[in-house]
Amino acid sequence: MTTETPTNPTLVAGVDSSTQSCKVVVREADTGRLVRQGTAKHPEGTEVPPEAWWEALVAAIEAAGGLDDVAAISVAGQQHGLVALDSDGAVVRDALLWNDTRSARAAHDLIDEVGAAEYARRTGSVPVASFTATKLRWLRDAEPENAARVAAVALPHDWLTWRLLGYGTRASSALGPDLEALVTDRSDASGTSYWSPADEAYDLDLFERALGRAGREAGGADRGDASGAAPTGESPESVTSTADGRVVLPRVLQAEEAAGTTVAHGPVPAGLVVGAGAGDNAGAALGLDATVGDLVISIGTSGTAFAVTDAPVTDGDGTVAGFADAAGGFLPLVATLNAARVLASIGTLLGVDHDEFARLALAAQPGSGGLSLVPYFEGERTPDLPDATATLSGLTLASTTRENLARAAIEGMLSALADGAAAVRDQGVEVRRALLIGGAALNPAVQAVAAQVFDVPVVVPSPGEYVADGAARQAAWALSGTRPRWGLSTSASFDPEPQPAISARYREAQALGSLSRP
Ligand SMILES: Nc1ncnc2c1ncn2[C@@H]1O[C@H](COP(=O)(O)OP(=O)(O)O)[C@@H](O)[C@H]1O
Ligand SMILES: O=C(CO)[C@@H](O)[C@H](O)COP(=O)(O)O
């Protein structure tokens with residue numbers, strides 16, 4: 001018997017609106033077959049006008065051949081960023097991204113007031129400058145006029161989901177500024193520091209402590225106005241949702257719940273089912289079909305080490321963030337601020353492309369001849385050193401070669417992630433293999449060194465956009481009510497080849513760097 005591909009298979013789209021770019025994949029809902037894809041760049045910087053994400057999404061949709069034949073879409077996106085909206089649905093100021101460290105002081109203030117252990121107990125995590133609550137506190141203290149205008153607070157993926165549905169500013173959208181239609185999902189909500197993964201509920205006391213204004217969940221029974229919330233394809237009268245003065249927080253959807261259906265606007269056709277969306281790391285876990293025993297190492301703008309678990313994880317020390325995942329479980333995660341861009345920066349210094357960078361690094365010996373790079377180019381989040389700078393040590397006439405420098409960059413970046421992986425394990429999380437994803441995972445030298453710093457087999461999934469794929473899986477799930485199981489193909493795997501010299505040198509270099517910090 002032969003199996004024939006249906007002539008008009010149902011298609012779903014997934015979006016990864018990440019720090020550096022927007023990626024769109026279109027896949028068959030039943031099989032997961034990749035049909036087409038597109039990407040567009042995001043602006044540089046840690047403070048970005050959200051409209052730039054919308055423009056990149058439109059460009060990436062067009063590059064992916066449009067959505068006219070697509071039945072459902074979901075957006076996964078960079079976590080934590082603060083998108084503050086006024087009562088007209090316009091952004092109050094440019095969004096502050098997860099890697100903007102200006103709220104480091106605010107994070108310490110909040111911890112002093114609430115207590116680290118109490119934050120971990122109530123939200124699963126101890127806030128650092130990345131988390132949304134600290135950006136709200138910074139806004140309250142540094143820009144009180146802007147803080148007073150805030151009518152709703154969304155995350156990057158929430159805002160894009162809302163715009164896809166047709167909401168937004170009067171000038172540019174179909175439905176007007178209905179803040180009650182804002183939705184998020186449990187994975188991204190868990191990165192705010194005012195939502196509890198264990199209780200599946202906002203902690204409104206912590207929200208109010210951060211912004212100095214009371215909040216409430218959108219569309220709830222106690223909303224401040226009287227209009228309906230779900231989009232129907234018809235344009236309702238605009239509502240501002242601020243009748244009671246409380247700040248609207250997106251309604252938190254479960255993984256398989258739909259946010260609504262679209263009205264026609266721009267490249268978006270009418271009647272497209274829009275899924276809940278997710279934080280990008282939770283999206284990747286879904287895209288990989290990660291299960292208990294998998295440790296995902298993602299090397300994009302951020303470096304992350306995370307696992308999926310059935311029970312919430314709470315690390316009172318704050319090293320591991322106890323996030324929720326996008327499939328009803330949990331996602332203990334460690335994030336670093338310095339990952340793929342460390343390699344890009346050293347590659348630029350050496351005047352080489354990715355391929356030549358890999359060739360240089362592979363020509364050096366483990367331990368980089370004694371050269372060590374502690375890569376805190378943008379400060380660091382784990383460990384919590386927002387003002388730190390990078391340290392290059394072990395320079396001698398013999399060790400100072402292009403090969404050693406390329407390898408030291410990879411060893412330093414991966415050593416920081418190996419520390420993160422160890423912290424996840426210290427929470428009792430079982431790890432049987434590491435799955436290497438993200439832009440820099442394509443690099444053969446990164447893959448080879450990964451086998452020397454992680455003490456479990458390293459598996460490299462086939463090159464792909466796993467965050468966008470997770471969003472596409474979620475869209476298919478929202479459409480059919482069943483979680484798709486599309487499988488995972490891999491392109492390489494490495495047995496562990498421990499090289500203790502790498503971590504020993506890294507420790508020494510970290511200690512040297514801390515001596516030079518005030
Ligand atoms: N072969 C490679 N070697 C090293 N870095 C790479 C390679 N290919 C892409 N990158 C880097 O990966 C990054 C983009 O990865 P990605 O996972 O898309 O990041 P993000 O999701 O944060 O936008 C860029 O910084 C780029 O320089
Ligand atoms: O802050 C975190 C995780 O807590 C980052 O992982 C961001 O979600 C950004 O992701 P990338 O753009 O690097 O994929």
Side-chain angles (χ1 to χ4, degrees), residues 15-23 39-44 46 48 53 56 60 76-82 96-101 124-125 127-132 134-135 155-157 187-188 190-193 278-285 287 296-306 320-324 331-348 352-362 377-378 381-382 406 409-410 413-414 417 420 436-450 460 463-468 470:
V15 178
D16 174 11
S17 178
S18 71
T19 313
Q20 295 190 59
S21 64
C22 182
K23 304 140 196 175
T39 66
K41 276 195 165 313
H42 282 162
E44 290 287 327
T46 62
V48 169
W53 300 329
Q78 53 174 312
Q79 295 185 246
H80 312 296
L82 170 62
L96 298 178
L97 307 196
W98 63 279
N99 53 353
D100 188 293
T101 53
S125 310
V128 287
S130 292
F131 286 68
T132 325
T134 72
K135 298 173 191 306
L155 298 166
H157 110 254
S187 70
D188 231 3
S190 66
T192 57
S193 279
D280 56 0
N281 294 292
V296 182
I297 303 292
S298 170
I299 313 172
T301 315
S302 63
T304 54
F306 58 92
V320 179
F323 294 150
L331 196 84
L333 177 147
V334 170
T336 65
L337 291 184
N338 299 287
R341 287 207 279 218
V342 171
L343 311 190
S345 167
I346 300 296
T348 303
V352 296
D353 63 11
H354 292 316
D355 289 345
E356 179 60 8
F357 188 87
R359 197 199 61 73
L360 285 172
L362 287 171
F377 287 80
E378 301 199 83
R381 162 168 164 183
T382 317
I410 296 176
M413 184 222 14
L414 287 177
L417 280 168
L436 213 59
I437 60 162
L442 299 170
N443 191 301
V446 171
Q447 297 171 6
V449 177
V460 186
E465 295 298 345
Y466 287 96
V467 176

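Fair warning: this is a prediction, and the values are worked out from it, not measured in the lab. Whatever order the structure lists ligands and atoms in, that order sets their numbers, starting from 1.
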Minimum heavy-atom distance Val320-Pro332, with the two atoms named: CG1-CB, 3.7 Å
Leu360 versus Ala406, closest heavy-atom pair with distance: CB-CB, 3.9 Å
Minimum heavy-atom distance between Ala450 and Leu436, given as atom pair plus value: CB-CD2, 4.0 Å
Under-4.0 Å heavy-atom contact with ligand 2, by part of Asn281 that carries it: side chain
Pairwise distance CG(Leu96) to NE2(His80) - rounded to 0.5 angstrom: 13.5 Å
For ligand 1, output the ligand-protein N/O contacts shorter than 3.5 angstrom; if there are none, return none.
unit_1   : atom_1 : unit_2 : atom_2 : d
ligand 1 : 3 (N)  : His354 : ND1    : 3.4
ligand 1 : 3 (N)  : Asn443 : ND2    : 3.0
ligand 1 : 8 (N)  : Gly439 : O      : 3.3
ligand 1 : 15 (O) : Gly439 : N      : 3.3
ligand 1 : 17 (O) : Gly439 : N      : 2.9
ligand 1 : 18 (O) : Lys23  : NZ     : 2.6
ligand 1 : 21 (O) : Ser18  : OG     : 3.2
ligand 1 : 21 (O) : Lys23  : NZ     : 3.3
ligand 1 : 22 (O) : Thr301 : N      : 2.8
ligand 1 : 22 (O) : Thr301 : OG1    : 2.4
ligand 1 : 23 (O) : Ser18  : OG     : 2.6
ligand 1 : 23 (O) : Gln20  : N      : 3.2
ligand 1 : 25 (O) : Gln20  : NE2    : 3.1

Sub-3.5 Å N/O-N/O distance, Gln79 and ligand 2: yes
Under 4.0 Å to a heavy atom of Thr304 - the qualifying atoms of ligand 2, by number: 6 (O)
Heteroatom distance test (Ser18, ligand 2): nitrogen or oxygen, under 3.5 angstrom: no
Closest contact, heavy atoms only, Ala76 versus Val467: CB-CG1, 3.5 Å
Least distance between heavy atoms, Ile297 atom then Ala305 atom: CD1-CB, 3.7 Å
Donor-acceptor pairs under 3.5 Å, side chain of residues 338-345 to any protein atom, not counting sequence neighbours: which ones?
unit_1 : atom_1 : unit_2 : atom_2 : d
Asn338 : OD1    : Phe377 : N      : 3.2
Asn338 : OD1    : Glu378 : N      : 2.9
Asn338 : ND2    : Pro375 : O      : 3.2
Asn338 : ND2    : Gly379 : O      : 2.8
Asn338 : ND2    : Glu380 : OE2    : 2.9

For ligand 2, the portion of Gln20 having any non-hydrogen atom under 4.0 Å away: neither
Enumerated ligand 2 atoms positioned under 4.0 Å from heavy atoms of Thr301: 13 (O)
From CZ (Phe323) to OG (Ser187), nearest 0.5 Å: 9.5 Å
Protein contact to atom 12 (O) of ligand 2 [nearest heavy atom, distance to 0.1 Å]: Thr19 OG1, 2.5 Å
Point-to-point distance, once rounded to the nearest 0.5 Å, from NZ of Lys23 to OG1 of Thr39: 8.5 Å
Contacting atoms of ligand 2, where contact means under 4.0 angstrom from a heavy atom of Arg381: 1 (O), 2 (C), 3 (C), 4 (O)
Enumerated ligand 2 atoms positioned under 4.0 Å from heavy atoms of Ser302: 5 (C), 6 (O), 9 (C), 10 (O), 11 (P), 13 (O)
Which of the ligand 2 atoms, numbered from 1, are nearer than 4.0 Å to a heavy atom of His80: 1 (O), 2 (C), 3 (C), 4 (O)
Partner residues of Thr304 under the side-chain contact (heavy atoms from CB on, under 4.5 Å) criterion, sequence neighbours left out: Asn281, Ser298, Ser302, Phe306, Leu333, Ala335
Taking atom 10 (O) of ligand 2 as the reference point, the nearest protein heavy atom with its distance: Asp280 OD2, 2.7 Å
For Ser17, all residues meeting side-chain hydrogen bond (donor to acceptor under 3.5 Å, both in side chains), sequence neighbours excluded: none
